[in-house]
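Just so we're clear, the structure is a prediction, and the values are computed from it rather than from any experiment.
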Amino acid sequence: MEGGMVSHAARLLNGLPIYTEPSADFVPFFYTPGYHALVAGTGWLFGDVSLLSARVVSLIATLATFGLLFWVVRRESSSLYGLLAVGIYAALFRTSGAFYDLARPDALYMFLIFVGVVLAYRFENWVGVIAASLVFVAAFFTKQTSSVFVPPIILYLIWRDWRHGLVFTITVFGFSVFGVWLLNRATDGWFWTYIFEGHQGHLFYWKNILLEYWRDVLFLAPV
């Protein structure tokens with residue numbers, strides 16, 4: 001899929017749409033546009049997009065995740081356990097799909113999710129809540145499956161302060177729905193066709209999610 005991801009960014013860089021009627025020349029993947037737009041931004045800075053620049057975006061996101069993991073765990077315990085946390089995440093590279101340095105949105109959206117979680121947890125004020133909600137909106141427009149992380153954060157914030165939970169919910173869903181409406185309107189309905197209706201044709205592998213992945217993790221890192 002990496003070449004396809006680069007072609008999405010190249011189209012944006014050249015002023016062409018990615019959510020458009022399918023043709024023999026181009027059919028988009030079922031992803032929201034955040035990663036493609038960021039890679040296209042690197043092309044705007046450096047003159048062109050490439051497989052290297054697309055992979056560098058993912059690699060930087062992974063290294064940033066390492067740094068954030070270390071910072072969080074170090075604050076909770078010690079530098080030794082911070083390094084252990086980074087090591088565990090790194091060791092799960094192959095088990096989790098080897099996406100850490102690929103031209104795909106996964107590494108970037110995982111970083112954004114982690115940032116959102118840390119903001120919601122560490123900063124118990126309105127600034128932290130608003131910042132966390134906006135980061136989750138950015139994560140959604142990077143890969144829409146980030147939405148599955150939103151309900152647990154809402155429940156946590158309601159438990160901590162129901163007003164924080166309410167503002168977080170309104171902000172995340174409000175900006176996400178508005179963004180979807182804008183993109184769908186700008187693409188004559190093709191955004192919804194690919195991003196939502198297209199995904200409905202996918203099989204959902206419950207066995208993989210509920211059993212096989214955790215079996216593999218238990219074998220690799222039982223502690």
Side-chain angles (χ1 to χ4, degrees), residues 1-13 18 26-43 46 48-73 81-118 135-136 138-150 152 194-195 198-199 201-223:
M1 296 179 67
E2 289 187 287
M5 291 291 174
V6 174
S7 71
H8 282 59
R11 286 180 67 88
L12 290 178
L13 183 62
I18 56 176
F26 181 76
V27 180
F29 293 131
F30 295 162
Y31 291 107
T32 41
Y35 174 77
H36 314 313
L38 186 57
V39 175
T42 67
F46 301 109
D48 198 6
V49 295
S50 65
L51 187 59
L52 175 62
S53 63
R55 285 178 171 176
V56 166
V57 169
S58 295
L59 183 59
I60 290 175
T62 295
L63 294 175
T65 301
F66 286 172
L68 191 56
L69 265 172
F70 178 80
W71 179 77
V72 169
V73 178
Y81 286 106
L83 291 173
L84 179 62
V86 173
I88 291 173
Y89 188 79
L92 293 174
F93 170 75
R94 182 175 180 181
T95 305
S96 296
F99 62 82
Y100 294 4
D101 58 347
L102 292 183
R104 286 178 51 88
D106 303 81
L108 178 61
Y109 111 98
M110 284 299 298
F111 170 67
L112 291 172
I113 288 170
F114 193 23
V115 170
V117 170
V118 171
V135 169
F136 267 100
F140 172 76
F141 284 105
T142 301
K143 189 174 182 181
Q144 60 270 47
T145 47
S146 61
S147 57
V148 302
F149 294 87
V150 172
Y194 290 114
I195 300 306
H199 269 286
H202 273 293
L203 291 174
F204 192 84
Y205 295 101
W206 288 103
K207 183 179 179 182
N208 187 316
I209 297 297
L210 299 178
L211 177 63
E212 292 181 355
Y213 177 76
W214 302 104
R215 177 202 63 197
D216 294 343
V217 172
L218 183 64
F219 177 78
L220 177 68
V223 174

At their closest point, which heavy atom of Thr142 faces which heavy atom of Ala138, and how far apart are they? OG1-O, 2.8 Å
Check: residues 82-98 side-chain donor-acceptor pairs under 3.5 Å, at least two apart:
{"from": "Ser96", "atom 1": "OG", "to": "Leu92", "atom 2": "O", "distance (Å)": "3.1"}
{"from": "Ser96", "atom 1": "OG", "to": "Tyr213", "atom 2": "OH", "distance (Å)": "3.1"}

Is any side-chain heavy atom of [X] closer than 4.5 Å to a side-chain heavy atom of [Y]?
X      : Y      : value
Phe99  : Thr62  : no
Tyr35  : Leu38  : no
Phe140 : Thr145 : no
Thr42  : Ser53  : yes

Tell me, please, which residues at least two apart from Ile60 pass side chain to side chain contact (heavy atoms under 4.5 Å, CB included). Val56
CZ on Phe114 to OG1 on Thr65, rounded to 0.5 Å: 7.5 Å
Rounding to 0.5 Å, atoms CZ (Phe141) and OG1 (Thr32) come to a distance of 7.5 Å
For [range], which residue pairs qualify under salt bridge (Lys or Arg N to Asp or Glu O under 4.0 Å), counting only residues two or more places apart or in two chains?
range            : result
residues 49-61   : Glu2-Arg55
residues 59-69   : none
residues 210-223 : Lys207-Glu212

List the atom pairs, with distances to 0.1 Å, where a side-chain N or O of residues 103-112 and a protein N or O form a donor-acceptor pair under 3.5 Å, not counting sequence neighbours.
{"from": "Arg104", "atom 1": "NE", "to": "Asp106", "atom 2": "OD1", "distance (Å)": "2.8"}
{"from": "Arg104", "atom 1": "NH1", "to": "Tyr31", "atom 2": "OH", "distance (Å)": "3.4"}
{"from": "Arg104", "atom 1": "NH2", "to": "Tyr31", "atom 2": "OH", "distance (Å)": "2.9"}
{"from": "Arg104", "atom 1": "NH2", "to": "Asp106", "atom 2": "OD1", "distance (Å)": "3.0"}
{"from": "Asp106", "atom 1": "OD2", "to": "Lys143", "atom 2": "NZ", "distance (Å)": "2.6"}

Near Trp214 CH2, under 6.0 Å, is it more than 12 heavy atoms from other residues, nucleotides or ligands? no
Tell me which donor-acceptor pairs under 3.5 Å the side chains of residues 3-13 have, and how far apart each pair is, sequence neighbours excluded?
{"from": "Ser7", "atom 1": "OG", "to": "Gly4", "atom 2": "O", "distance (Å)": "2.6"}
{"from": "His8", "atom 1": "ND1", "to": "Gly4", "atom 2": "O", "distance (Å)": "2.6"}
{"from": "His8", "atom 1": "NE2", "to": "Phe29", "atom 2": "N", "distance (Å)": "3.1"}
{"from": "Arg11", "atom 1": "NE", "to": "Pro17", "atom 2": "O", "distance (Å)": "2.8"}
{"from": "Arg11", "atom 1": "NH2", "to": "Pro17", "atom 2": "O", "distance (Å)": "2.8"}

If we ignore hydrogens and angles and just use 3.5 Å, is the side chain of Ser146 paired with the main-chain N or O of Ala139 as donor and acceptor? yes
Has the side chain of Tyr81 got a donor or acceptor atom that lies under 3.5 Å from a matching backbone atom of Phe70? no
Please identify each residue that fulfils ring pair (Phe, Tyr, Trp, His ring centres under 6.0 Å) with Tyr194, with sequence neighbours left out. Trp190
Side chain to side chain contact (heavy atoms under 4.5 Å, CB included) between Val150 and Phe136, intermediate numbers included: CA-CA 8 Å; Val150 172; Phe136 267 100; 3.9 Å; yes
